[in-house]
Amino acid sequence: MLEQEVDYLFCDWCRKHVPCHRVPSGGWEVDCPGCAGECVRCDCYLRRYCFANRGDFPPLRKVEGDPK
Amino acid sequence: MRVRATRVLLAVAVLGAFGTAGFVLAPAVEAPKERSFTVRAHRYGYEPERMRVNRGDRVRLKLESKDVVHGFFLEGHDLDATIVPLRAAVEFRRPSRPGVREEVAEVNFTAEHEGKFRYRCSQTCGFLHPFMQGELVVGPNRLLPVALALVLGMLVAGFFLARFPARRA
Amino acid sequence: MSEPAPRIDPTSPADGETTPAPLTRGRRIDLFRAIPGLGWLAKRRSFQFWVVLPNLFLFLLFLTAGIAGTPVGNRNIIIVFVWILWWFLLISLLVPFVSRIWCTVCPFPFFGEWAQRRALIKVRAVAPKDRKSGPGVVIGRNRYFGLNLKWPKRLSNIWIQNIGFLFLCTFAALFLTRPIVSVVVLGSLFVIATTLHLIYRQRAFCSYVCPVSGFLSLYSMSSTVEVRAKDAGVCDKCKDKGCLAGSEKGWGCPWYVYPSKLDRNNYCGLCMECVKTCPSDNITVNARPFCSDRLLKGWDEAWKAFIMLSLALAYSVTFLGPWGFIKDWANVAEKQDWAGFATYTAILWATALVIVPGIYAAAVGLGRFIVRKVPGAALPFKDVFLGFVYPLVPLGLLTWIAFSLPLILVNGSYIAMVISDPFGFGWDLFGTANMHWTPVVPEWTPYIQVVLLLGGLFFALRVGFAHATRLYRETRVALRAFLPVGCLLGVFVGSLIFLYAA
């Protein structure tokens, strides 16, 4: 279930929505349990540019059936 | 902890039983006798590719080469021969006695130990020389039935004993 | 979005789907604490440079020997050192005990990474105010040169490595025995590595292309060491994220992994950059039990396991078997038996890509069928399949060791010969050039191979049971579901034992 007031990112690799939250450094961190620690696989768990370019946040993708 | 220890002990017992069964049930071998083979070496194999004898058999090998100079190194038997094409005799040496060589018409030995022994080319004969080999299988070769029985035993132990803690619980 | 979102418990399903729990477990020993000086060494900026440099020189020596030296493989250092010594050390000792340590010392990315960083040892750190100015591309807090493109998302998996390795291995009989073919293979990889470093950012070649990296990633899961965060809580509170973004002390992870969350060895190249960049000294190297990482995460990884197992079987038949005609098929450059080579290639590729996976999938399907009526046991095929393919990791590794062992026992004496005469020019530098070829206890080989294969089966069943229990919760259901795959593993090991000992 997707929760209100939480931003999600769609992980192409795991085919599911994963929460994305702001970290104290100012970037955004994506929490995908399927690819923990392995941006090499899915590029979503922690999008590198979240921290590289502070303040940028991962593009949220609309997929069919998503709650608004 | 006790369950785990019991499970390990049972597994060891099952494996021991299967291993012993494999050892005991290995096919019996005939009384020793003399066996002769003509082994033809070629790049990169031997004919026959596999020879089967029994422990205690006296083995006589006539070695020939169909193309270039080859070797015949038999694992575990301390014998190595150089086979020259179109020559009846081969140069024979024992690796344990370096420097001593003799010309022989046949290589003779007694198959004293059971198991699988590869014969390999010991003279660089071409690109795939390091992989040129044949097999001498000396019966009863109990490694095979024991190992296969252990595979079976491992499956039995695994599938039956894995249920053990659940049942106890 | 200013408030942090609740963190997901990685062991619980998300989105209502089945997310396999990480099966990493067992005791850990912090090697930086246990081995004095190891942590200090790993934190030296020059650490990787000094371990790669000798390898680079050796590699160049091998290439030179391959080009200028004797064409007789067992008299040329490139063949003897790379395919006999290196291969044995890699598969039998380095991967099982030190994970991807080969990637730490590998010379292939040396020039490419140098061009990318324009530095061999020092770090190019960028202050926030300078991000928009200056040459090159800024990624994280480091400056890089070259195009630094992102690797295409579609190719962000190990399929290229799978197919590349299978392709290379099809020609094994050529490059294992001919120095010049080895030069072409290794030289091409060197050129491809350098070129890709100039185009794509960081270690794209290593992560996605290098054929060696593919099986290192798979079998490093079983390794007894790992790079991990000491305390996950420290990483959660970390404001710096130097391991990922880099810092003045080191480069952001070149392998695109996030060390603080890492729970598998697969894509960590042990470069030790995160050890240097972590501001809290929270990254370390642990010793751990064999087969601690237990989760395959995709079809590509599963097929890697099938390819490796099939190749071990095929090589055992081709190179360790007595059948000359199969060697002739593989040895196409000399025998010119193109029909035989086509047959060999077709059998190899079909076995690795279709037959073995197909049989395995059928066994997994049968297991699911057996437990289909048990409430809650209708799990997605992919989850069960990936879980049940994992046993091929320890089994495949032990099978490869069983295959490689006779190569070193039988041909190890060539090492002493080529040390004295690396090019085959007739030198005798250390007095060992003319020693006789002397196999070491070759008659023990079948016994050792049987022990290794039985060990492989033991670990395979053990981790298979663990996966079955994780998936199906109840032991009885789990065992019934795993039964067909377990029997298949037994048949495979039995077949190899028959091949090695019959």
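To find a chain, count down the sequence lines: A is the first, B the second, and so on, and within it residues start at 1.
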What distance separates C:Y258 OH from A:C35 SG, expressed to the nearest 0.5 Å? 14.5 Å

Side-chain heavy-atom pair C:K261, A:E38 within 4.5 angstrom cut-off: no

If you count heavy-atom pairs within less than 4.5 Å of chain A, which of C:N142, C:L262, C:I158 leads? C:L262

Nearest non-hydrogen partners of C:Y256 and A:C39, listed with the distance: O-CB, 2.9 Å

